[in-house]
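Reminder, nothing fancy here: chain letters follow the sequence lines and each chain counts from 1.
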Number of protein chains: 2
Amino acid sequence: MANQANNRPQNIHNWVASELGSRIVGGFYAPGEYIPNENTICEELEVSRTSLREAFKVLTAKGLIESRPKLGTRIRERRHWNMFDPVILNWFSQSKPSPEFYTSLYEIREVFEPAAAELAAKKRTPEQLEIIEAAYAKMEAAQLGTDEVYTSDIEFHMAILDATNNEFMVSLGVSIQSALLELFRLSSTIQDDFLQSLPGHKAIYTAIEAGDSVRAKAEMNKLLSTSQETLKKNIERE
Amino acid sequence: MANQANNRPQNIHNWVASELGSRIVGGFYAPGEYIPNENTICEELEVSRTSLREAFKVLTAKGLIESRPKLGTRIRERRHWNMFDPVILNWFSQSKPSPEFYTSLYEIREVFEPAAAELAAKKRTPEQLEIIEAAYAKMEAAQLGTDEVYTSDIEFHMAILDATNNEFMVSLGVSIQSALLELFRLSSTIQDDFLQSLPGHKAIYTAIEAGDSVRAKAEMNKLLSTSQETLKKNIERE
DNA sequence: GCGCCCTCTTTTGTCTTAGAAAATATGCCG
DNA sequence: CGGCATATTTTCTAAGACAAAAGAGGGCGC
């Protein structure tokens, strides 16, 4: 069972939501299955019904469960899970997800990030360009061996998403960034790979600066495909 | 103010969530702003604190608000709103969103649906192909002037997303489908446009059947760009 | 007068108890 | 045996009390 116990975060209902959420995405409760009734779970987790119900509302809002009087509460089919909820993605990351999970995630990334680079090249404002440049500078300055390597990389990509001036692009980025961070850490990408990726990042920046949307898209495509290969290699090696 | 009153749905906390959610995405409460404290809102909406708090948890789960003791509850910045939550998209649709909203939504659609068609052509199972075919048949049989015109269209696209065997693609589709339905209705696309779009849909189906991913992608691209033009025209006409 | 600590106040967080409403299961009656 | 009323289970809503977080302000020492 996915167990979050011991380290209860700030407030109880979040802890309960995270405990139950992890169980669900981890497969401890299967879709279609009815989970025990509220009082039973209250006893198991030693929380009040108020807190449990607040946690249930969180899970319901994310599409994981549905409750009805007399029938109880059951796990919804996976297609209703809101996969672009950052919290759900975190629960996935923590549950040692199947390789397909990360494959699918990367597939999505390879779909929308090149398009984002293309859009950014067309629509970015001067201020947004500066932010992208600053993010790139941060990558160059990142201390190897620290988390900066990963966070600055993600920051660079987020800056591009922001520069699309498309709210949905931004939302996608916000959603998956923490899952990506987890993936980067997990695959413990070697420093060499990071250094080798710098020219690719620079090329994207240059293309966006020049307003060359075709090149921006192509460069992003190239970057992501080599990055994915590297990740695959590193994960398999474990 | 976005007002959902009168027609309270099944349960109270959902009604409260939807009332407050509409106010937020409708701009009645601005990001960064603190909303009145719990007791005040309870009195205004004439609900118990229990229900209000359950509604708050829903809104918190969707990234719209955040609460802290003593400080109160405030609206989060838009970048934290989970734009791919179907419920949030519904609240948007109901609040007469800006044209940019639908432009951005369509921009996203033009990014991931061609990619989905491409993937589906590569990965679809025979069963999934049958479902796509059935959805197309439903389009051909749809009674003009009814909602079938819209729902069968959306069903066709959902079937393709399913056929990608990528959970994230499916989730994107589930999220935006009801917003699309609203958009279709709102733009009251003329029947001629629908009839003219049938060959394009058929072409996509044929390409997926043949496993021709390049053509599937190209056809989807073509379909979406003409569809977007039509929508623009119809919306402007109002 | 200035800075630090302690207390006070406000607001959300948690628990408890009680009863209402929904929806199935049961059993009585014709 | 069928249909209707009743019982039962579970979530839903309400209300009241206290705990905990986190500023705000006042008093004290220097």
- [ ] Between C:dA18, D:dA14, C:dG13, spot the one nearest the side chain of A:Arg49, thanks.
- [x]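 Taking heavy atoms from C-beta onward, the closest nucleotide is C:dA18.
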For the pair made of [atom1] in [X] and [atom2] in [N], what is the distance, rounded to whole Å?
X: B:Asn39; N: C:dT10; atom1: CG; atom2: P; answer: 13 Å
X: B:Lys57; N: D:dT13; atom1: NZ; atom2: P; answer: 16 Å
X: A:Leu52; N: D:dC12; atom1: CG; atom2: C1'; answer: 13 Å
X: B:Glu54; N: D:dA14; atom1: CD; atom2: C1'; answer: 11 Å
X: B:Asn37; N: C:dG13; atom1: CG; atom2: P; answer: 12 Å
X: B:Asn11; N: C:dA20; atom1: CG; atom2: P; answer: 19 Å
X: A:Arg53; N: D:dT10; atom1: CZ; atom2: P; answer: 14 Å
X: B:Glu38; N: C:dT14; atom1: CD; atom2: P; answer: 11 Å

Task: Whichever of B:Phe56 and A:Ser48 has its nearest DNA chain C nucleotide further upstream toward 5' - done: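 So the residue in question is B:Phe56.
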- [ ] Give a yes/no on whether any side-chain N or O of A:His13 is located under 4.0 angstrom from OP1 or OP2 of C:dG13.
- [x]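 So the side-chain polar atoms of A:His13 never come under 4.0 Å of the phosphate oxygens OP1 or OP2 of C:dG13.
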Open item on the list: Quick one, A:Thr60 and A:Glu66 - any side-chain contact, counting heavy atoms below 4.5 Å?
Closed with: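 Heavy-atom side-chain distance check fails, nothing below 4.5 Å.
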Task: Check against side chain to side chain contact (heavy atoms under 4.5 Å, CB included), A:Ile65 and A:Phe56 - done: CA-CA 8 Å; A:Ile65 61 175; A:Phe56 269 22; 4.0 Å; yes
Open item on the list: I want to know whether B:Phe101 and A:Phe168 have ring centres closer than 6.0 Å.
Closed with: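 Close enough - the centres of the two rings lie under 6.0 Å apart.
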Task: Within the 6.0 Å centroid threshold, strictly below: B:Phe92 and B:Tyr102 - done: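 Judged by ring-centre distance (under 6.0 Å), B:Phe92 and B:Tyr102 do not meet the cut-off.
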Open item on the list: Would you call the rings of A:Phe184 and A:Tyr150 parallel, tilted or perpendicular, taking 30° and 60° as the class edges?
Closed with: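 It falls in the tilted class, 30° to 60°.
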Open item on the list: Can you classify the ring geometry of B:Phe84 versus A:Phe84 as parallel (below 30°), tilted (30 to 60°) or perpendicular (above 60°)?
Closed with: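 Judged by the thresholds at 30° and 60°, the geometry between B:Phe84 and A:Phe84 is tilted.
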Task: Near-strand residues of residues 64-78 of chain A, defined as heavy-atom separation under 4.0 angstrom from DNA chain D - done: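 Per residue number, the list reads A:Ser67, A:Arg68, A:Pro69, A:Lys70, A:Gly72, A:Thr73.
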Task: Sugar-phosphate, base or nothing in reach of A:Thr50, heavy atoms under 4.0 Å - done: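 Contact class for A:Thr50: base.
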Open item on the list: Side chains of A:Gln128 and A:Asn165: any donor to acceptor distance under 3.5 Å?
Closed with: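 Looking only at side-chain atoms, A:Gln128 and A:Asn165 do form a donor-acceptor pair, the distance falling under 3.5 Å.
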